[in-house]
Amino acid sequence: MLPRLLLPIIGGVLILLIVDQCYGKRKWDYEPLSIETYSTDESMLKIAAKVERVGRGAYAISANIEFKYTPDDNTMVEAMAYRSTSGDENDYKIIPLTIPKQPYVQFMNNHYKDVVLPNLGGCSNLVKFDDKFEPPWPQDTYVLDKCVANSDGFPDMVPEGYYKVNFTIMNPVDWGFILIVKITTKLV
Ligand SMILES: *[C@@H]1O[C@H](CO)[C@@H](O)[C@H](O)[C@H]1NC(C)=O
């Protein structure tokens, strides 16, 4: 039998765990509709990506990125995001959820570390680091194998609609992807 004093403690921990599950949990569902990739020079960078359905309401992104160049001080990263209520191509309006154009090393030390790695680190051979990114980024073939984003680093609440993200890496080759995701509010 459990000592009587322990019961309230166990109860308290359980309540904390349950509260933690209810708050700080995303209240939206996402459905990636398409991913389109581009590269201005495939001899330097070749990219292919696809979205697959891996279950009810679950989607996975797989990609293959052949890095045949070494990013340098001129290499910049930028992402622009657009939202459309109807999904109509002409409806997309720019939204402030962007990654301002910045040197790639700066991107590595914030967005890459805080959003990319927590979401894609476990399903890919993307470069991992704990503290600070040390250039150069190695030339290699990077494979994302059925990555299901767990939404780490994303807000709890996101307005419904269609979102388009254009992620670009520039100089000496310009490449990236355009992802369209449909967001719906979760029915509780
Ligand atoms: C994506 O961004 C790049 C760099 O800003 C730009 O050249 C390209 O036209 C954009 N594509 C779309 C479809 O918005």
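- Remark: Thr70 pairs with Pro136, Gln139 by the side chain to side chain contact (heavy atoms under 4.5 Å, CB included) rule, at least two apart or across chains.
- Within the 3.5 Å criterion, the main-chain N or O of Tyr142 finds no donor-acceptor partner in the side chain of Asp140.
- By the ring-ring contact (aromatic ring centres under 6.0 Å, His included) test, Phe167 is found to be paired with Phe107, Phe177, residues two or more places apart in sequence or in another chain being considered.
- Of all the heavy atoms in Phe67 and Pro138, the pair that sits closest is CB-O, 4.4 Å.
- Ile99 and Val165 are not part of a single hydrophobic cluster, where members link through side-chain heavy atoms under 4.5 Å apart.
- Scanning for side chain to side chain contact (heavy atoms under 4.5 Å, CB included) contacts around Ala58 gives Val54, with sequence neighbours left out.
- With hydrophobic clusters built from ILVMFWY side chains whose heavy atoms lie under 4.5 angstrom apart, Val148 shares a cluster with Ile35.
- Under the 4.5 Å side-chain contact rule for hydrophobic residues, Leu120 and Ile61 share a cluster.
- Residues satisfying the side chain to side chain donor-acceptor pair (under 3.5 Å) criterion with Glu160, sequence neighbours excluded, are absent altogether.
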Under the side-chain contact (heavy atoms from CB on, under 4.5 Å) rule, what do Gln102 and His111 come out as? Steps first, then yes or no, please.
CA-CA 11 Å; Gln102 57 192 273; His111 293 90; 4.2 Å; yes
Applying side chain to side chain donor-acceptor pair (under 3.5 Å), run through Tyr38 and Asn166 and close with a yes or a no.
CA-CA 10 Å; Tyr38 56 90; Asn166 180 2; 2.7 Å; yes
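- Under the ring-ring contact (aromatic ring centres under 6.0 Å, His included) criterion, Tyr92 pairs with no residue, sequence neighbours left out.
- Atom OG1 of residue Thr37 and atom NZ of residue Lys46 lie 10.5 Å apart, to the nearest 0.5 angstrom.
- A salt bridge links Lys164 with Glu89: the distance from a Lys NZ or Arg NE/NH1/NH2 to an Asp or Glu carboxylate oxygen falls below 4.0 Å.
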Evaluate the side-chain contact (heavy atoms from CB on, under 4.5 Å) criterion for residues Asn119 and Leu117: first the C-alpha distance (whole Å), next the side-chain angles of each, then the deciding distance (0.1 Å), finally the verdict.
CA-CA 5 Å; Asn119 281 290; Leu117 278 186; over 6 Å; no
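- In this structure a side-chain-to-backbone donor-acceptor pair under 3.5 Å is missing from Asp174 to Met170.
- Two residues are said to be in side-chain contact when any heavy atoms from C-beta on lie closer than 4.5 Å; Trp28 and Asp156 fail this criterion.
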Donor-acceptor pairs are to be reported for all side-chain atoms of residues 125-134 against protein atoms at under 3.5 Å, with residues two or more places apart or in another chain.
from	atom 1	to	atom 2	distance (Å)
Asn125	OD1	Val143	N	2.7
Asn125	ND2	Thr141	O	3.1
Lys128	NZ	Gly121	O	3.1
Lys128	NZ	Ser124	O	3.1
Lys128	NZ	Leu126	O	3.2

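- Annotation: disulfide (SG to SG under 2.5 Å) contacts involving residues 34-132, sequence neighbours excluded, comprise Cys123-Cys147.
- Residues passing the side chain to side chain contact (heavy atoms under 4.5 Å, CB included) test with Thr85, sequence neighbours excluded: Arg83.
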Please list, one pair per line, the donor and acceptor atoms closer than 3.5 Å that link side chains of residues 73-82 to other protein atoms, with sequence neighbours excluded.
from	atom 1	to	atom 2	distance (Å)
Thr75	OG1	Asp72	N	2.9
Thr75	OG1	Asp72	O	3.4
Thr75	OG1	Asp72	OD1	3.4
Thr75	OG1	Asn171	O	2.8

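- Judged as a salt bridge (Lys or Arg N to Asp or Glu O under 4.0 Å), and not counting sequence neighbours, the contacts of Lys68 are Glu66.
- For the pair Tyr30 and Val158, the minimum side-chain heavy-atom distance is 4.5 Å or more.
- In this structure Lys113 satisfies the salt bridge (Lys or Arg N to Asp or Glu O under 4.0 Å) test with no other residue, sequence neighbours excluded.
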Assess whether side-chain contact (heavy atoms from CB on, under 4.5 Å) is satisfied between Glu52 and Tyr59, documenting all intermediate values.
CA-CA 6 Å; Glu52 292 168 274; Tyr59 300 85; over 6 Å; no
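- Ser86 is linked by a side chain to side chain contact (heavy atoms under 4.5 Å, CB included) to Ser84, Asp88, Asp91, counting only residues two or more places apart in sequence or in another chain.
- Tyr163 OH to Ile180 CD1: the interatomic distance, rounded to the nearest 0.5 Å, is 13.5 Å.
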Take Ser34 and Val51 through the side-chain contact (heavy atoms from CB on, under 4.5 Å) test and state the conclusion after the steps.
CA-CA 7 Å; Ser34 66; Val51 173; over 6 Å; no
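- Considering only heavy atoms from C-beta on, Leu45 comes within 4.5 Å of Ile47 through its side chain.
- Between Trp137 and Met108 there is a side-chain heavy-atom pair separated by less than 4.5 Å.
- Between the side chain of Trp175 and the backbone N or O of Thr40, no donor-acceptor pair lies under 3.5 Å.
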